[in-house]
Structures are given as C-alpha cells and as structure tokens.
Amino acid sequence: MSASDDPLAFLDPAAEDATLAAAVAEHAGFALPEGCVPGVAANARLLRDHWAVVKAALA
Amino acid sequence: MTAWDIAAAVRAGTTSARAEAEAALARIAAGADLLAVTRVLAERALAEADAVDAQVARGEDPGPLAGVPYGVKDLFDVAGLSTTAGAGAREHAPAAAADAEAIRRLRAAGAVLVCTLNMDEYAYGFVTDNARWGITRNPRDPARFAGGSSGGSAAAVAAGLVSFALGSDTNGSIRIPSSLCGVWGIKPTHESLPLAGVFPFVETLDDIGVMAGSAADLALVDGVLRGDAGVAETGPVAILGGWFARHLSPEMQDAMAALARRLGDPPVVEIAGVEAARSAAFLLTAYEGGHFHAPMLAREAMGYDPATRDRLIAGAALPNAVHAAALAYRAVFAARMAALQARWPVLIAPTVPGPAPLIADPTIPIDGVPRPARANLGLFTQPISFLGLPVVAMPLAVPGLPLGVQVIGRRGDDRALLAWAAREMRDVA
C-alpha cells in the first residue's frame with residue numbers, strides 16, 4: 001500500500017500535537033475545544049500504531 | 001446466599017422476597033464506600049418483592065429467580081430513570097419509558113432489581129474510573145481497581161451486595177472485572193442475549209451478560225435470559241499459548257501452570273495474528289464509538305470525561321476504509337480460530353496479565369513498558385470478543401489477589417461451555 005493509498009496518511013505521527021489534532025478535527029468534521037489537543041493527538045498516534053499492525057497483517 | 005438458595009427458599013416459603021430485598025438494600029448501604037452502586041432502587045425493589053411474595057401466597061410459582069435481588073450496569077434502561085451509560089452529562093436525560101428486555105425477562109422469572117451499578121463512561125475503559133460517580137474499589141483490596149467497564153457489577157457481586165448482576169462486554173468489560181474481583185462472568189455468543197434497551201457502544205462487538213458468585217448461578221441466570229436452560233456437551237480442551245503467554249505477571253504464570261497441571265496438562269496451542277486481532281478490535285471500537293458519538297461531541301465535547309472524549313474524537317476521524325480493513329482481517333482471523341476449534345472446541349487463556357492494578361499506579365507492564373491500564377487491560381480479551389465467541393470468565397483459586405481465565409467456546413456453544421466450566425473447573429475455581 002503506497003502512502004497515497006493509506007487511509008490514515010493524514011495522521012503523521014511525527015507531527016506536533018496541534019497539527020495532528022487539527023488533522024483529526026478536519027476528518028471528524030467538527031472543531032476541537034482547546035483542551036482536547038494533547039489527548040486527541042496521543043490517541044491519534046495510538047490508532048495510527050494499531051493501523052500499522054492491521055495493515056501489515058493484511059499485506 | 002447464592003441465587004439458587006434464595007430462589008429455593010422464597011419458593012418454599014422459608015423466607016420472603018421482601019426480607020431478601022431489605023437485606024440486600026442494607027448490604028448496599030453498608031458497602032457504599034466501594035462506589036459500586038450509582039442508584040438504589042428501594043421503592044421499586046420492595047414493590048417487586050411484594051409482588052413475588054403475593055404470588056407465593058396464592059400458591060403460584062414466581063419463577064426460577066423468585067425474590068433474588070440483583071443490579072444492572074448503568075447502561076440498561078430502567079423504566080422511569082435516565083439511562084446514564086456512566087455519563088454525568090446524561091444524568092438528567094429523559095427517563096426510559098420501559099425496562100430493557102433483559103430486565104423484563106429477569107422480572108418475569110421473579111428477580112428483584114435493587115440498584116444500578118457504576119461503569120466507565122460510555123463503557124470506554126477497563127478500570128471503572130468514572131468522573132461523575134467515582135472509582136469503583138476492588139472489594140478484595142480497596143486500593144486497587146475493580147476493573148471495567150462493568151466494574152460496579154463485579155464489585156457488587158464480589159462484596160456480596162447481590163448474588164448476581166448484569167454487565168456488558170465489548171472488548172472485555174465483563175471478563176476483566178470478573179477476573180480482577182474474583183467472580184464468574186459470561187460474555188455470550190455475539191447477539192445471543194437481548195440488547196434491546198441497552199445503551200450502545202460498538203454495534204459489531206457489544207453484548208450483555210451475567211456476573212455471579214458461582215458457576216451454578218451464572219448458568220441459572222443465563223438460562224433465564226436466553227430462554228434456554230439446557231445443558232449440552234463440548235469437546236477437548238487446549239491452552240492458548242503464544243501471545244497469551246506473554247506479558248504475564250509471576251502470579252499469573254504460576255496460576256496458569258497450576259491450572260494446566262490440574263487439567264492433566266492439556267496441549268498448548270497457538271493461533272497466528274493475535275496482535276493484529278487486538279489492533280483490529282481497537283480500530284473497530286474507535287471507529288464505531290467515535291462515529292456514534294460524533295454528533296454529540298460536535299455539540300458538547302466538554303461535557304465528556306476528558307479521558308473518554310479524546311479517545312472518541314480520535315476515533316471519529318477514522319475513515320470507512322479502516323473499518324472495512326478491520327472487518328476484512330476479522331474474516332481471516334475467524335477462519336484460523338475455526339480451524340483450531342474444530343480440533344479443540346474449548347480453549348483456555350488468561351483474562352488479564354496479573355492482579356488488579358493499584359489506583360495510585362494505573363498502569364500495567366507490556367513488554368516491560370508501563371502502559372495505561374484503562375486502555376490496555378484488554379490485551380487478552382479483545383482478540384476473542386473480536387470474533388463474537390462465547391467466553392466464561394472463571395476465577396482461579398489462588399492465594400492473594402484474584403486472577404481469572406477465559407474459557408472460550410465455539411459460536412453458539414454457550415450452554416455447553418457453562419456446563420463444561422461448572423463440571424471440569426469446579427476444583428480450580
């Protein structure tokens with residue numbers, strides 16, 4: 001699966017929290033309250049990790 | 001007393017349902033420090049108990065659960081009450097018009113509902129650390145978590161407040177608290193017990209089930225809910241190794257070794273791709289939970305417990321392709337499990353890596369790294385519920401803090417699994 005085919009390509013685990021949270025907000029379709037940014041970014045990275053495991057298993 | 005004992009005594013007229021309800025209400029009041037109970041339903045309980053006693057007085061049989069007090073996780077509809085799903089934001093939601101179907105069936109069998117029980121907000125957690133109703137304490141050591149998300153149900157049974165309770169299990173939420181508190185539980189074959197009137201979390205994985213102090217009570221209540229109290233047979237047993245033998249605490253390693261010896265050293269078998277099964281279950285949960293909550297998060301995100309909110313928001317951003325991939329992997333993993341269970345219909349695996357974590361240190365070690373217990377206690381449970389298989393959570397007779405195992409059956413083998421666990425495991429539980 002190329003980067004362009006990756007449905008989670010928009011979640012760059014190396015990005016700053018604010019950038020990652022903004023990407024989540026864009027795809028979720030609603031604005032995030034300020035206090036959510038660190039927690040949302042941490043959870044987005046976690047989901048990205050789980051996706052990598054599933055993607056490898058299906059490859 | 002067990003549910004069997006109470007029902008027999010009420011049916012025989014040697015005790016009354018009212019006396020049993022009043023005793024349960026007194027135990028609940030005395031056990032308030034556990035933070036297991038969220039609402040005490042004294043008026044309803046006494047009215048239901050009086051109705052049972054009236055049936056006995058008329059010479060009628062109230063049913064197999066005559067006068068047995070019980071509680072339900074706070075996501076079952078109870079007529080006249082808000083269904084909170086553990087969310088403070090729903091504390092004043094419109095009241096449910098009717099009881100959940102499971103409660104209706106239990107009432108028809110003579111059971112008496114006495115309380116609602118604490119849980120992680122929206123069932124998204126494994127510790128029952130609730131921002132509105134507090135952290136449910138483990139009755140065996142109040143410095144430790146009861147587990148979750150059905151932690152109030154497990155703690156209420158373990159402390160003897162009620163002889164059984166209802167919980168729900170999406171990724172381990174019956175099995176984990178049952179094991180950490182030392183009680184029995186069942187996560188049934190997916191959708192084999194009624195979900196009507198239960199606040200949803202992840203449709204693909206959600207189930208309700210029973211938690212009880214004994215295998216006999218578990219089978220009794222499950223039979224009432226299922227409308228089938230039959231007993232069936234199942235085949236040989238094996239122990240799951242590989243992924244399920246990693247990450248174990250020394251106590252759990254000893255307990256699994258002792259269990260194997262007691263069972264005559266059954267073969268240890270492995271299934272490939274367990275880690276991916278857990279990850280796929282994680283993604284399914286995040287996607288479905290996040291998308292279900294997205295409209296509410298868009299309106300009032302700050303009304304959520306931050307630990308729940310941030311997980312749900314991240315899940316709401318997952319695209320459909322991720323959900324589809326998780327389901328595609330489920331088909332792969334299900335085929336592997338079916339092949340294994342064609343030879344070994346009963347599989348045993350640890351439920352949790354070790355004893356209940358301390359509230360002051362809410363982590364568990366995974367590959368030597370401390371990880372949040374709230375999200376990671378499902379290490380061994382998520383790959384199994386991912387497939388919708390029936391699982392009996394069985395406490396082990398161990399010194400010290402409770403530990404438990406999953407006894408895993410084939411789809412639809414629920415009654416056979418209960419009978420097998422009660423018969424074959426009676427000396428180790």
Side-chain angles (χ1 to χ4, degrees), chain A, chain B residues 124 272-287 289-291 293-333 336 371-372 374-376 382-383 386:
Chain A
M1 188 178 284
S2 70
S4 59
D5 295 331
D6 184 347
L8 289 191
F10 66 94
L11 294 180
D12 175 5
E16 297 287 332
D17 282 1
T19 305
L20 200 51
V24 168
E26 183 183 344
H27 282 77
F30 53 87
L32 301 190
E34 184 72 22
C36 303
V37 169
V40 168
N43 279 287
R45 290 190 183 95
L46 181 63
L47 294 179
R48 175 90 213 173
D49 290 346
H50 282 299
W51 170 241
V53 173
V54 173
K55 192 170 63 167
L58 285 170
Chain B
Y124 209 175
V274 182
E275 182 181 16
R278 181 193 177 223
S279 287
F282 217 101
L283 292 167
L284 273 182
T285 301
Y287 175 94
H291 284 252
H293 280 273
M296 293 173 281
L297 287 164
R299 285 197 309 272
E300 46 188 339
M302 300 312 278
Y304 284 67
D305 174 348
T308 315
R309 175 197 66 204
D310 297 348
R311 298 180 80 186
L312 289 170
I313 289 174
L318 291 177
N320 296 344
V322 169
H323 188 257
L327 290 177
Y329 184 71
R330 186 165 70 157
V332 172
F333 192 62
R336 289 179 190 152
R371 303 283 188 192
R374 183 181 185 125
N376 289 290
Q382 286 178 281
F386 180 51

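This structure is a prediction, so every number in the text was calculated from the model and none was measured. First the proteins, then the strands, lettered A, B, ... as listed; each starts at 1.
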Can you give each donor-acceptor pair under 3.5 Å made by side-chain atoms of residues 307-322 of chain B, sequence neighbours left out, with the distance rounded to 0.1 Å?
| from | atom 1 | to | atom 2 | distance (Å) |
| --- | --- | --- | --- | --- |
| Thr308(B) | OG1 | Glu121(B) | OE1 | 3.1 |
| Thr308(B) | OG1 | Arg374(B) | NH2 | 3.3 |
| Arg311(B) | NH1 | Tyr124(B) | O | 3.4 |
| Asn320(B) | OD1 | Tyr287(B) | OH | 2.4 |

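Listed by chain and number, the residues in a side-chain hydrogen bond (donor to acceptor under 3.5 Å, both in side chains) with His323(B) are Glu288(B) (sequence neighbours excluded).
Shown here for Tyr329(B) and Val54(A), the closest heavy-atom pair between the two residues is CB-CG1, 4.4 Å. The heavy-atom pair separating Phe30(A) from Ala298(B) by the smallest distance is CB-CB, 3.7 Å.
Interface remark: Ala286(B) contributes side-chain atoms only to the contact with chain A (heavy atom separation under 4.5 Å).
Residues of residues 34-42 of chain A having a heavy atom under 4.5 Å from any heavy atom of chain B, listed by number: Gly35(A), Cys36(A), Gly39(A), Val40(A). Inspection of non-hydrogen atoms places Val24(A), His27(A) of residues 13-27 of chain A under 4.5 Å from chain B.
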Side chain to side chain contact (heavy atoms under 4.5 Å, CB included) evaluation trace for Phe282(B) with Leu46(A): CA-CA 10 Å; Phe282(B) 217 101; Leu46(A) 181 63; 3.7 Å; yes
